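This report refers to the structure that appears directly beneath it.
Remember, it's a predicted structure, so these values are computed and weren't measured experimentally.
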Amino acid sequence: MNKKVIIIGTVVVVVLVIAIAVPIAVLTGKKSTRDESSLTQRAAQVLEETPLVDGHNDIPWQLRKYFMNQMENVTLDKNNPEWHTDIPRLRKGKVGAQFWSAYVSCANQYKNSVRLFLEQIDVIHRMVDKYPGTFTLATTAQDIKDAHKAGKIASLIGVEGGHAMDSSLDALRMLYELGGRYMTLTHSCHTPWADSCTPEKPEHNGLTQFGKDVIREMNRLGMFVDISHVSAKVMHDVLNITEAPGIKENSHVIFSHSSAYALCKNPRNVPDDVLEKLPRNGGVVMVNFYNDYVTCRKDATLSDVADHIDHIKEVAGIDHVGLGGDYDGVPRVPTGLEDVSTYPKLVEELLRRGYSNAEASKIVGGNLITAMEKMEKVSKSKFTKEFVAEGKKEVPPYDNYISVDESCRPALDGL
């Protein structure tokens with residue numbers, strides 16, 4: 001065959017290939033762009049319809065650390081790049097409700113922890129009061145929904161550490177009255193009635209009898225039992241005890257900021273045998289964003305966090321996953337989740353992985369709201385004096401328990 005014919009034929013083939021391939025590439029690129037645009041739109045719809053509820057944010061501790069709770073010096077309405085949290089970024093992140101953490105160091109246990117916890121609860125109230133156009137105090141699931149409709153961020157209070165109550169059910173009840181809607185049973189130290197996951201050696205082999213009374217009283221009040229930070233044995237003890245009389249499940253238990261142990265073997269995370277047990281209780285694991293709990297390394301990505309959501313969904317079920325970023329309480333967060341403005345990107349990633357809008361809605365806030373509604377219903381119907389007055393056999397803990405376990409407290413002058 002003539003070389004000239006071969007060359008011409010080759011050129012024709014190349015031209016045809018280019019003529020076909022280029023439009024396909026262009027179309028594929030356009031499709032990819034359309035797909036990403038669709039994910040963004042779907043994520044926006046999810047966050048428009050469902051309040052995004054985050055289980056744990058430590059900005060109140062930053063207010064104490066940097067301003068000694070002097071709110072007149074705080075400017076949360078402006079960008080604060082040294083923190084993860086401010087109002088402009090909360091708005092960009094479409095945050096609908098936030099559990100603000102009232103936290104005090106374990107170093108204050110047996111000393112002045114009750115006073116300091118009260119001060120941290122107070123600063124949350126004052127933060128909400130300072131920015132009434134943005135925040136509104138919330139204590140019920142309905143409050144969260146109402147705030148979302150009003151375009152405000154529902155502000156709930158989480159008490160991080162059982163040393164807040166100084167082994168006194170009286171103090172626990174007052175924490176509830178001041179707005180506390182969960183209490184983390186321990187922080188990085190054992191309480192006199194529950195083991196933390198942090199010290200390697202347990203003190204109580206789980207919950208003491210008084211610890212079980214604490215759980216029952218929280219159930220009666222309608223206060224989430226937060227089992228982030230506790231030992232695996234305490235996790236099981238709590239799940240065994242938080243069952244209201246006469247019903248198959250209740251939702252008194254949450255992990256406000258923990259991830260999956262199977263993906264990162266840190267004791268702060270939730271083992272699979274606990275995840276398997278969780279559906280019986282109706283609780284929610286609110287996935288933590290701290291790199292050390294996500295990958296067990298200093299580096300992590302948004303995709304790694306989505307892997308934890310996938311795993312908890314697979315083991316516990318779609319109804320038992322939530323978000324608990326731990327912003328402003330940790331030194332390292334994943335690439336792609338640098339601050340509170342980035343939640344929509346995580347929702348997009350879930351949608352990209354095949355989650356439906358309804359499933360994504362459950363994760364961003366629907367599951368926590370449902371759990372709270374069930375908790376409130378159980379508290380009102382099963383643990384009230386009226387319930388006993390109607391001839392039921394259950395005796396409410398309020399009348400039945402020792403209010404203060406003096407054996408758990410240091411010897412002090414006076415009562």
Could you tell me whether the side chain of [X] and the main chain of [Y] form a donor-acceptor pair under 3.5 Å?
X    : Y    : value
H252 : S379 : no
N291 : R297 : no
R181 : T139 : yes
H308 : V294 : yes
Y182 : G55  : yes
E276 : V274 : no
N266 : Y293 : no
N357 : V46  : no
D58  : S101 : no
N288 : S259 : no

For [X], side chain to side chain contact (heavy atoms under 4.5 Å, CB included) partners two or more places apart:
X    : answer
A262 : D272, H311
E49  : Q45
N367 : V284, D319, K362
S155 : W100, V128, F135

Measure the acute angle between the ring planes of [X] and [Y], then classify it against the limits of 30° and 60° as parallel, tilted or perpendicular.
X    : Y    : answer
Y327 : F289 : perpendicular
H187 : Y103 : tilted
W83  : F67  : perpendicular

Looking at [X] and [Y], what are the two nearest heavy atoms and their distance?
X    : Y    : result
G151 : R91  : O-NH1, 2.8 Å
L185 : M218 : CD2-SD, 4.1 Å
G180 : V159 : CA-CG2, 4.3 Å
N79  : P88  : N-CG, 4.3 Å
L351 : A360 : CD2-CB, 4.0 Å
P60  : V123 : CB-CG1, 4.2 Å

Report task. Go through the steps for V340 and N57 under the test side-chain contact (heavy atoms from CB on, under 4.5 Å), then give the verdict. Result -> CA-CA 10 Å; V340 296; N57 184 299; 4.0 Å; yes
In terms of side-chain heavy atoms, does [X] have a donor or acceptor partner in [Y] at a distance below 3.5 Å?
X    : Y    : answer
R42  : S356 : no
S168 : D166 : no
S113 : N108 : no
D328 : T85  : yes
D86  : N80  : no
H236 : D273 : yes

Under 4.0 Å between a Lys/Arg side-chain N and an Asp/Glu carboxylate O for [X] and [Y]?
X    : Y    : value
D195 : K233 : no
D170 : R173 : yes
E119 : R115 : yes
D310 : K313 : no

Taking only residues at least two apart or on different chains, which pairs with a member in [range] satisfy disulfide bond (SG atoms under 2.5 Å apart)?
range            : value
residues 113-159 : none
residues 172-210 : C106-C189
residues 203-232 : none

Query - Of all pairs that satisfy side-chain hydrogen bond (donor to acceptor under 3.5 Å, both in side chains), the ones with a partner from residues 125-135, not counting sequence neighbours - result: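 Every side-chain hydrogen bond (donor to acceptor under 3.5 Å, both in side chains) pair that includes a residue of residues 125-135, provided the two are not neighbours, is D122-R126.
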Would you find more than 12 non-hydrogen atoms of other residues, nucleotides or ligands less than 6.0 Å from [X] atom [atom1]?
X    : atom1 : result
E48  : CD    : no
K277 : NZ    : yes
K345 : NZ    : no
K94  : NZ    : no

Query raised in the report: Could you go step by step and tell me if L169 and F210 meet the side-chain contact (heavy atoms from CB on, under 4.5 Å) rule?
Result: CA-CA 10 Å; L169 297 185; F210 181 74; 4.2 Å; yes
Query raised in the report: Would Y343 and V95 count as a side-chain contact (heavy atoms from CB on, under 4.5 Å) if you check the C-alpha gap in whole Å, the side-chain angles of each, and the deciding distance to 0.1 Å?
Result: CA-CA 8 Å; Y343 291 106; V95 176; 3.6 Å; yes
Report task. Run the numbers on S256 and D226 for side-chain hydrogen bond (donor to acceptor under 3.5 Å, both in side chains), then give the verdict. Result -> CA-CA 6 Å; S256 67; D226 178 20; 2.7 Å; yes
**Report entry** Identified side-chain contact (heavy atoms from CB on, under 4.5 Å) partner of M183 from the options V225, I157, V214
**Finding:**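 Of all the options given, the one that passes is V214.
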Requested in this report: Go through the steps to decide whether R64 and Q120 satisfy the test side-chain contact (heavy atoms from CB on, under 4.5 Å), and finish with yes or no.
Outcome: CA-CA 8 Å; R64 185 180 193 91; Q120 290 312 103; 2.9 Å; yes
Requested in this report: Apply side-chain hydrogen bond (donor to acceptor under 3.5 Å, both in side chains) to the pair S38 and D35, showing each step before the final yes or no.
Outcome: CA-CA 5 Å; S38 173; D35 288 345; over 6 Å; no
Query raised in the report: Does any pair with a residue in residues 140-181 pass ring-ring contact (aromatic ring centres under 6.0 Å, His included), and if so which ones, sequence neighbours excluded?
Result: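 Qualifying pairs, neighbours excluded: F117-H163.
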Report task. For residues 256-284, pull every pair meeting ring-ring contact (aromatic ring centres under 6.0 Å, His included), keeping only residues two or more places apart or in separate chains. Result ->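 Found H56-H257, H229-H257.
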Query raised in the report: Is there a side-chain hydrogen bond (donor to acceptor under 3.5 Å, both in side chains) between T186 and T191 once you walk through the steps?
Result: CA-CA 6 Å; T186 70; T191 62; over 6 Å; no
Query raised in the report: Can you list the residues that meet the salt bridge (charged side-chain N to carboxylate O under 4.0 Å, His left out) rule with R352, with sequence neighbours excluded?
Result: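 Applying salt bridge (charged side-chain N to carboxylate O under 4.0 Å, His left out) to R352 gives E36, E349.
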Requested in this report: Could I get the full list of side-chain hydrogen bond (donor to acceptor under 3.5 Å, both in side chains) partners for E203, not counting sequence neighbours?
Outcome: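 None.
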